[in-house]
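Note that the structure is a prediction, hence the values are computed from the model and not measured. By convention in this document, chain letters (A, B, ...) are assigned in the order of the sequence lines, proteins followed by strands, and residues within each chain are numbered from 1.
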Amino acid sequence: MVSICSPLSPNLVANSISVEAPRSRGRLLTSREYGVLLQSCIDSKSLARGKMLHSRIRKAGFERNRDLLPRLVKLYSVCGRIDDARKLFDRMSKRNSDVFLWTSMICALAKNGSMLRCFELFVQMLERGVRPDSYTFSGLLKASAEFGFLELTLQLHSMVVRCGCVGCLSVANSLIHAYGSFGVVHEARKLFDRMVVRDVASWSAMIQACSSMGSYADSMALFSRMQLGDSLKPNEITVVALLPACGFFSSLRHGQAVHAYVIRNGYESNLIVGSALVTMYSRCGDPDVAYTIFANFYQKNLVLWTSMIEGFALNGKHDIALNLFKKMQDQGFHPNYVTLVVILSACSHAGFVDEGLQIFETMQEKFGVKAGVEHYACVVDMLARGGRLDDAEKVIESMGMRSSGSMLGSLLGACQVHRNVEIGERTAYRLFELEPRNAANYVILSNVYAAVGQWHNVGRVRQMMIAKGLLKDSGCSWIELKGTIYVFGAHDRSHCESDKIYKVLEELSEEIVRAGYIPATEHVLLDVEENEKKKLLCSHSERLAIAFGLLKVPPEMPIRIAKNLRVCGDCHEAIKLISRVTSRKLIVRDTNRFHHFYRGSCCCGDYCCKQLGACVRDDDKFELFSVHRTVGCCLDCPLFKSALNSWRWNGSFKDQTWFRSENGEKPPCNIRFGSESKDSAST
DNA sequence: ATAGGGTTAG
C-alpha cells in the first residue's frame, strides 16, 4: 500500500485501491484522502475501482460529504454511467441544496448530451432556491452553445448579469465561446474587449470565434496581441484556433511559424493539432509536408485521415486521395459523414463520375451513413461537371430534401460551361428565391447568356443586379513575399513597381500568344474595343500577382498566389501557357481548390489530374528533416512579431485597413471597390 | 470540491 501521506502519482493511487480496506498505517482514511483516490479514478476513468471506492466511502459514512459527493457524480458521468450518476443524485438531493452537487449533475447531463434533462434540472434547482454559481453558468453556456440554442444563451447571459457573474473569467470565456459558435462575433468581441483580465482561454475563444466566421485577419492580429500585449503563451488550443487563418491566407510562412512553435513546445503528438496542421499545409498548397506530418502519427484517427485525403484532393492529387481512402479502410477506419463528403467531392473534381456514383450508392449499406444534402451536392456537381445536366437536375428534384445554394450554384456554373440556357435559367430562378441577395448567382446567369451570345439577356441580368443594388465581390489576388502579403485588384496600378509588373505582363502576353493563346474576349462583358478587351483580360488580378511573383521569387521556387474568387477560364488557359514559357511552377489557390500549373498544364478541372499519379508512400517514416529545414528560419523569431508588423497592403485599398483594425473588418475576400468590378472571373 | 477555450465538409 502506498503511503497516503506522501505525494502520490495518480496511477499508483488508482492501482493501490485493492480489496483490502484502504488504511494508512493502521488508521482509517480521512475524507480528504478519499478525495485524492476518487480524483485519480475520475482522471483514469476507472469505473471498477471507482465503484469499489464508492462503497468504501459509503461505509465510512462520507457519502454525503460535500467534497466527495459531487466527485462521485462526476465519476459515474465520465465513465459513461449517467443513469447511475442520476440515481445517486436523486437519492442524495432530497434534502441537499448544495450548489456543487446540483452543478455536478447538471454538467454531467450536459456532457452526456441529455440537454433537455440538463435544463429541466437547472429549472428545478432555481425553484429549489439554489443559487447558481460561475461553474453552473460555464457548464450551461457550453451546453447551450453545443445544443445550438441562441435564445437560451441570451437568457443565460442575462441571468449571469443579474447574478453578478459577468466578471468571472470562466463565465466570460464561455459566453465568448457561445456567441462565437452562433456567429455573433460582435457580441463576443464586446465582452472580450470589456474584460479586465483575460487568460489563454479567453484569447483562444476569441480567436476561434473570428476564425469560424472567416475574420481571419482578426484572428492573426489577436494572436499577435495576446503575446505582445498580454504576454500570454499560446497553447495547443490557441494554435488550433489560429491555423485556419494561416490556411485561409495560404500563408506558408505564417503556417510554418506556427508549426515551428508546435515543435518547440512539444505539441506535435497531439492529434487535433496534427489534423489542423495537415489542413493548413494542404490549404497552403503543400500536400507533401502535410503528408509528412500525417505519416508521423503512429496512431491516426478518422479526422486525421479525412484531413489528409482532403489535402490531396484539394491539390489535384485525386488518385492519391482515393488510394488513401482505401488504405484508411484497410486499417480498420470506417468513413463517417464528413469523410464521404470529402471523397465524393474529390471524385467530382477529378471527373471520376462512375467511382463517385458507386460510392454514393453504396455508402448507406457499406458504411451506414445516410446521404445528406452535402453528399447530394457532390453528386449534382459530379454529374453537372461531366455534362449530364439533365441527370443532375433529376437528382435535385428526386432527392427528397431541400436543395442547397451551393448545389444549385454548381449546377448553374456547369450550365455556363456546357452552354445550356434552359436548365441554367430554371436553376438560376430557384437560386434567386433561395439567396436573393447573392450577387454571384446573377453573375453566373449572365455568364450563361454570354456563353451563347445572348447579349440582351446579359444586359437584363445586369439591370436586375443594379435594381437590387447588388455588387459582386471584387476580384483580388495576393502573394506573400517574406512575410508581407501583397494584394492586387483587377487592373490595379497602385503598386509602386506597377510599371515593371505591366511590362512583364506585356512580354508574357506576346510569348503566350506565340505559344497558342487566344484571349477569350467573348467573356468580357463590356462594350469596348476588341483590343481593349484583350488588355482587360491581361490585367486580371491573378496575372498581376503572378507577374509580381516572377519579378521577386527566386527562379527555383514555385510561385504561390491565392485568389478570393474562382480563377476565370481565360486566365486558367493563360497561366498554363505562362508556366510553359517561363518554366516555372505556378500554384494558384482559388475559392474551390488548388491549381498546380507546370509545363503548360494544370492538375485540375480540365480533368487532367491523372498525369500526376504519384503514389502514396508506404513507409511511414517521418522526414523531420525537410520540415525542419523549412521551419528552421522561424525558430528563433518571437512568433509573428516581425511578420505581422510587416503585413501591409500594396496600397490599392488604402481606406480598407482590415488587418490593422481588429473590429470586424472583413478579410480581403470581401473587399469592394467603390464602383462595380470589371474583373470577369466567374462566381 | 462543481466549470470554461480545440481537429475533418460546404
- Task: For the side chain of I237(A), starting at C-beta, report the closest nucleotide among dT2(B), dG6(B), dG4(B).
- Result: dG6(B)

- Message: As a test of reading the structure: which of dG10(B), dA1(B), dG4(B) is closest to the side chain of S406(A), going by heavy atoms?
- Response: dG10(B)

- Task: Looking at every strand, decide which applies to N65(A) at a 4.0 Å heavy-atom threshold: base, sugar-phosphate, or nothing.
- Result: nothing

- Of the listed dA1(B), dG10(B), dT8(B), the closest approach to the V338(A) side chain comes from dT8(B)

- Message: On the side chain of S275(A), is there an atom forming a donor-acceptor pair with the base of dT7(B) - under 3.5 Å, no angle test?
- Response: yes

- NA contact type, L169(A), heavy-atom cut-off 4.0 Å: base, sugar-phosphate, or nothing? base

- Query: Once you round it to whole Å, what is the distance between P of dA1(B) and CZ of R32(A)?
  - Reply: 7 Å

- Message: Distance to the ring centre below 6.0 angstrom and angle to the axis at most 45 degrees; does that hold for R32(A) and F62(A)?
- Response: no

- Hey, what do you get for CG (D199(A)) to OG (S202(A)), rounding to the nearest 0.5 Å? 4.0 Å

- Give a yes/no answer on whether the side chain of S138(A) brings an N or O atom under 4.0 Å of OP1 or OP2 in dT2(B). no

- Message: What's V200(A) touching, base or sugar-phosphate or nothing? Going by heavy atoms closer than 4.0 Å.
- Response: base

- Message: Rounded to whole Å, please give me the gap between CG in L156(A) and P in dG4(B).
- Response: 14 Å

- Query: Under 4.0 angstrom, heavy atoms only, what part of the nucleic acid is S345(A) near: base, sugar-phosphate, or nothing?
  - Reply: sugar-phosphate

- Message: For Y34(A), does the six-membered ring have the charged nitrogen or CZ of R56(A) within the cation-pi criterion, i.e. under 6.0 angstrom from the centroid and within 45° of the normal?
- Response: no

- Separation of dG6(B) atom C1' from K111(A) atom NZ, nearest Å, is 15 Å

- Taking 4.0 angstrom as the limit, do K111(A) and E146(A) come out as a salt bridge? no

- Closest to the P70(A) side chain, choosing from dT2(B), dA9(B), dG4(B): dT2(B)

- Query: Does the pair D381(A)/R385(A) count as a salt bridge with the N-to-O cut at 4.0 Å?
  - Reply: yes

- Message: Any N or O donor-acceptor pair under 3.5 Å from the base of dG5(B) to the side chain of N235(A)?
- Response: yes

- Message: Using a 4.0 Å heavy-atom cut-off, does V273(A) contact any base of the nucleic acid, only the sugar-phosphate backbone, or nothing at all?
- Response: base

- Proximity of H186(A) and Y179(A) rings by center, below 6.0 Å: no

- Query: Taking N and O atoms by type only, does the side chain of Q208(A) place a donor or acceptor under 3.5 Å from a partner on the base of dG5(B)?
  - Reply: no

- Can you check whether K74(A) has a side-chain N or O nearer than 4.0 Å to OP1 or OP2 of dA1(B)? no

- dT7(B) phosphate, OP1 or OP2: any side-chain N/O from K300(A) under 4.0 angstrom? no

- Message: Determine whether a donor-acceptor pair (one donor, one acceptor, N or O, separation below 3.5 Å) exists between the side chain of D133(A) and the base of dT2(B).
- Response: yes

- Query: Are H177(A) and dG5(B) close enough that a side-chain N or O sits under 4.0 Å from OP1 or OP2?
  - Reply: yes

- Under 4.0 Å between any heavy atoms, over every strand shown, what does F137(A) touch: base, sugar-phosphate, or nothing? Just pick one. nothing

- Base, sugar-phosphate, or nothing for S134(A), non-hydrogen atoms under 4.0 angstrom? nothing

- Message: Using a heavy-atom cut-off of 4.0 Å across all strands, would you classify S170(A) as base, sugar-phosphate, or nothing?
- Response: base

- Interatomic distance where OH belongs to Y135(A) and C1' belongs to dG4(B) [whole Å]: 9 Å

- Message: Just to verify, which of N323(A), L324(A), D288(A) counts as forming a side-chain contact (heavy atoms from CB on, under 4.5 Å) with K317(A)?
- Response: D288(A)

- Task: Could you tell me the separation between the CZ atom of F62(A) and the P atom of dA1(B), rounded to a whole number of Å?
- Result: 15 Å

- Is R66(A) side chain donor-acceptor paired with the dA1(B) base, going by distance under 3.5 Å alone? yes

- Query: dG5(B) P sits how many Å from D230(A) CG, rounded?
  - Reply: 20 Å

- Task: Pick base, sugar-phosphate or nothing for E236(A), based on heavy-atom distances below 4.0 Å to the nucleic acid.
- Result: base

- Does a side-chain N-to-carboxylate-O contact under 4.0 Å join R117(A) and E120(A)? no

- Message: What contact category does V342(A) fall into here, base, sugar-phosphate, or nothing, at under 4.0 angstrom with non-hydrogen atoms?
- Response: sugar-phosphate

- Message: Looking at S204(A) and dG5(B), is any side-chain donor or acceptor paired with a base atom of the opposite kind under 3.5 Å?
- Response: yes

- State whether R283(A) places a side-chain N or O below 4.0 Å from either non-bridging phosphate oxygen (OP1 or OP2) of dA9(B). yes

- Just how far, in rounded Å, is P of dG10(B) from CD of E435(A)? 16 Å

- Item | Value in whole Å for how far the P atom of dG4(B) lies from CZ of F192(A) | 20 Å

- Query: Q39(A) side chain: which of dG4(B), dT8(B), dT2(B) is closest?
  - Reply: dT2(B)

